[in-house]
Structure formats: C-alpha cells, structure tokens
Amino acid sequence: MQVETLRWANGTLEMIDQRILPAIFKYIAYDSASSVAEGIRSMVVRGAPAIGVAAAYGVALEALRLQGASQADFANGMESGFAVLAQSRPTAVNLFWGMERMRRVWAGMAGQDNYAVAQRLLTEAHEILMEDVRINRAMGAHGAELLPDGARVLTHCNAGALATAGHGTALGVIRSAVEAGKRISVIADETRPFLQGARLTAWEMVQENIPVTLITDNMSGHMMSQSEVDAVVVGTDRVAGNGDVANKIGTYMVAVLAQRHGIPFYVACPLSTIDRSITSGAHIPIEERAADEVTGFRECQWAAQGVKVRNPAFDVTPAELVTALITEKGVVHHPNSERILKLFSD
Ligand code: MRU
C-alpha cells in the first residue's frame, strides 16, 4: 500500500491526520497558509521533509486565495502567510528551506499578474512533493548497501512515508534494502511522548509485512547488550555544518548506546535538511512542547497534578557519534565540516 501523506485534491491540500493514526485513517483538507501552519503546529503532519512540502503548499494556497486582490494586498498577504508558517515549528529546517524555495520562485516573477504567480507557485509545490519521493528513493538505494542481509535495524521516531511525501528517509533505506531482496527486520522505539514509533513506524511496517518489533525507549540498551541490534538508522530534522544531528528526543541516547556497543549509527539525511548557515548543533533551536504530552496521552493524564515538566521535542547527537550520513548524493562517512562542504561542491 502506497501511503499518500499529502495530496492535492479539489483545490486543497489534504493531509493524513497523524495524531489519530493508526486507530483512524483520515485526511483533513487545508486551504490557506494559516490553516496549514496550524496543521504543522498541531502535528497533523510531522516529520521534516513532510513539513517542508506542507509549507510549500501553504505558500501556494495563500497565493491562490489572494490572487483576486490588488498587487499590494497580494504582497502583504503573502508576507503574512510566510510569517505564520515560519512560526509553526522551529527545529526542522525543511520548513524554512521549502518556504525559501517558494519565495525565490515568487521573486523571479516580479511584474507578472497574481493569477500567473499563484499557478507557478502551485506547480513548484507539486514539484517539491515529487522531488522528495525521488530523493528518498536515491537515499534508499545508497543506504540499502550499508545493511547486511538479515540485519536487525533499530529506528527511533518515524522517518517513514508518513514523515515525507513517500518512501521515507530512514524507513526508505529499510524499504529499499527489502526491495533489493535483503531480509531486514525492524526494531521500533516507541518514541515517547508522541509515540511516533509505536503508532506510525509500527503501522507502516505492519502494512508492508516488514517484520517489526516494538520496544519502549528504555529497552534499546538492553537489546544492544544482548547483540539483538545490528545497525541503527534514524532520520533528522536539521544537520549543522559540522555534521551534528538534531532528531527526535531520545536519538542522542540511542547514538551513545550504539557507540558503546560498536553498532553503526546511520542518519538518513536529504540535502535539504543540512543547514550550512550554522556551524554546530549548539545553534539548532529545540522545540519545547506542551506539558500534557508528558503527563499523559490525550485524555488520560497520569502524572501528579502540579508537577513541573520539561518537554524538549528534539536533541542533538554530536557528529562524532554518527557513523555516516546517507544522502541522495551518496554516503558521507564520519561527517565533519570538510566532508559536508565537499558534498555541496561536488
Ligand atoms: O516531532 P516530529 O514527529 O516532527 O519529529 C520527526 C523526527 O524527528 C524525524 O525523525 C525527522 O523529522 C526525520 S523524518 C524523515
């Protein structure tokens, strides 16, 4: 089954509501930048590349919505659209990458009427979506070669089709290895507090009959110590110029454990996720989310009322713990500033 995380239908952007998966499979339609921003903020759509695609459609939808306005009102409305999208979530750089790409297209159409601009922006959003799948397939092909036949691969969070326009980044590597005939099994970390592993990664793998075993986040060290993990493959929300990797909270812990046990730690990373404007992970903004995600899940709140809570949604894994970045241009072993620079200059 091909999961269409985002799709264009009836003049709207439809996105699978990932808050309620796997219990309910349902699309929600979006028709403006502010509604898409709310979809990103509330995590109807999540995962760095999917957020980037959604933001691009948010810009296009805003242009379509404003196309009948005066040039001045169109320009002002578009700026408000960009601003509201930029405030939706801070960590995944793909959000800003997607908006920047749309802004360049808009800037390149100075003097043209709003209707032409809106159509061109919509075409660009479609292109970004299709390109994302092509990139994931290229990453998958490179990454599949790193996984031996029979590998038991641990992953954290969901970097699958649901986190992208299709195929996935980390799960894309696993899918491509399976397509290449390798017998791969997946160990999915539950991924507290939003449960992307238990709800989304497990669901994707079960749909495709790729063997998957769910564990809670505090079990990975034990599994590694028992020689039950051969490789770790995760996605990322932003990679700094020196190779430091921001990903879902708990990834750092997994990377430290992987190093302790001599297990390769791979990061599937499209070039759009590399932020060369920052020199290290210390500059990556880490989103803090609401306390009620930690004190319970949905209506069921189990923590003592009044307790102080922290809920950083991401952490940074230093580059020295990363065995390799898997990109659409190839594999970067032991990433550092020099190797990342070379990746963009080749
Ligand atoms: O908070 P989320 O669900 O948006 O976090 C997602 C992740 O951390 C993913 O691992 C990352 O975005 C890569 S997705 C291909």
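Start at 1 and go down the list; that is how both ligands and their atoms are numbered.
Of all the heavy atoms of Thr236, the ones lying under 4.0 Å from any atom of ligand 1 belong exclusively to the backbone. With a 4.0 Å cut-off on non-hydrogen atoms, Pro49 touches ligand 1 through its side chain and not its backbone.
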Trace of the side-chain hydrogen bond (donor to acceptor under 3.5 Å, both in side chains) decision for Asn311 with Glu288: CA-CA 5 Å; Asn311 187 11; Glu288 280 271 343; over 6 Å; no

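Counting the atoms of ligand 1 from 1 in the order shown, those under 4.0 Å from a heavy atom of Ala159 are 14 (S), 15 (C). Taking every heavy atom of Arg89 and a limit of under 4.0 angstrom, the matching atoms of ligand 1 come to 1 (O), 2 (P), 4 (O). Atoms of ligand 1 lying under 4.0 Å from any heavy atom of Phe314, numbered from 1 in the order shown and given with element: 1 (O), 5 (O), 8 (O). Near Lys248, meaning under 4.0 Å from one of its heavy atoms, ligand 1 places the atoms 1 (O), 2 (P), 5 (O), 8 (O). Close approach of ligand 1 to Met43 (heavy-atom distance below 4.0 Å) involves ligand atoms 1 (O), 3 (O). Close approach of ligand 1 to Cys157 is summarised as follows: ligand atoms under 4.0 Å from at least one heavy atom of the residue are 5 (O), 6 (C), 7 (C), 8 (O). Interface atoms of ligand 1 facing Gln196, defined by a heavy-atom separation under 4.0 Å, are 1 (O), 2 (P), 3 (O).
Salt-bridge formation is not detected for the pair Glu228/Arg152: no Lys NZ or Arg NE/NH1/NH2 atom is positioned less than 4.0 Å from an Asp or Glu carboxylate oxygen. With respect to Glu127 and Arg134, a salt bridge is recorded, a charged nitrogen being found less than 4.0 Å from a carboxylate O.
Of the polar atoms of Gly47, at least one N or O is found under 3.5 Å from an N or O of ligand 1, judged by distance alone. Every N/O-N/O distance between Thr169 and ligand 1 stays at or above 3.5 Å. The shortest N or O to N or O distance between Ala48 and ligand 1 is below 3.5 Å.
Closest heavy-atom contact between Tyr57 and Leu13: CB-CD2, 3.6 Å. Across Ala144 and Ser176, no two heavy atoms sit closer than the pair CB-C, 3.9 Å. Looking at every heavy atom in both residues, Asn247 comes nearest to Asp237 through OD1-OD1, 3.3 Å. Nearest approach of Cys157 to Thr201, heavy atoms of both residues: O-OG1, 2.7 Å. Minimum interatomic distance between Gly281 and Asn242 (heavy atoms only, all atoms of both residues): N-OD1, 4.1 Å.
Looking from atom 9 (C) of ligand 1 to the surrounding protein, the closest heavy atom is Asn247 OD1, 3.4 Å. Looking from atom 8 (O) of ligand 1 to the surrounding protein, the closest heavy atom is Asp237 OD1, 2.8 Å. Remark: minimum distance from atom 14 (S) of ligand 1 to any protein heavy atom is reached at Ala163 CB, 3.5 Å.
Judged by a 6.0 Å distance limit and a 45° cone about the ring axis, Arg199 is positioned over the six-membered ring of Phe194.
The aromatic rings of Trp106 and Phe82 lie parallel to each other, their planes meeting at an angle below 30°, with 60° marking the opposite boundary.
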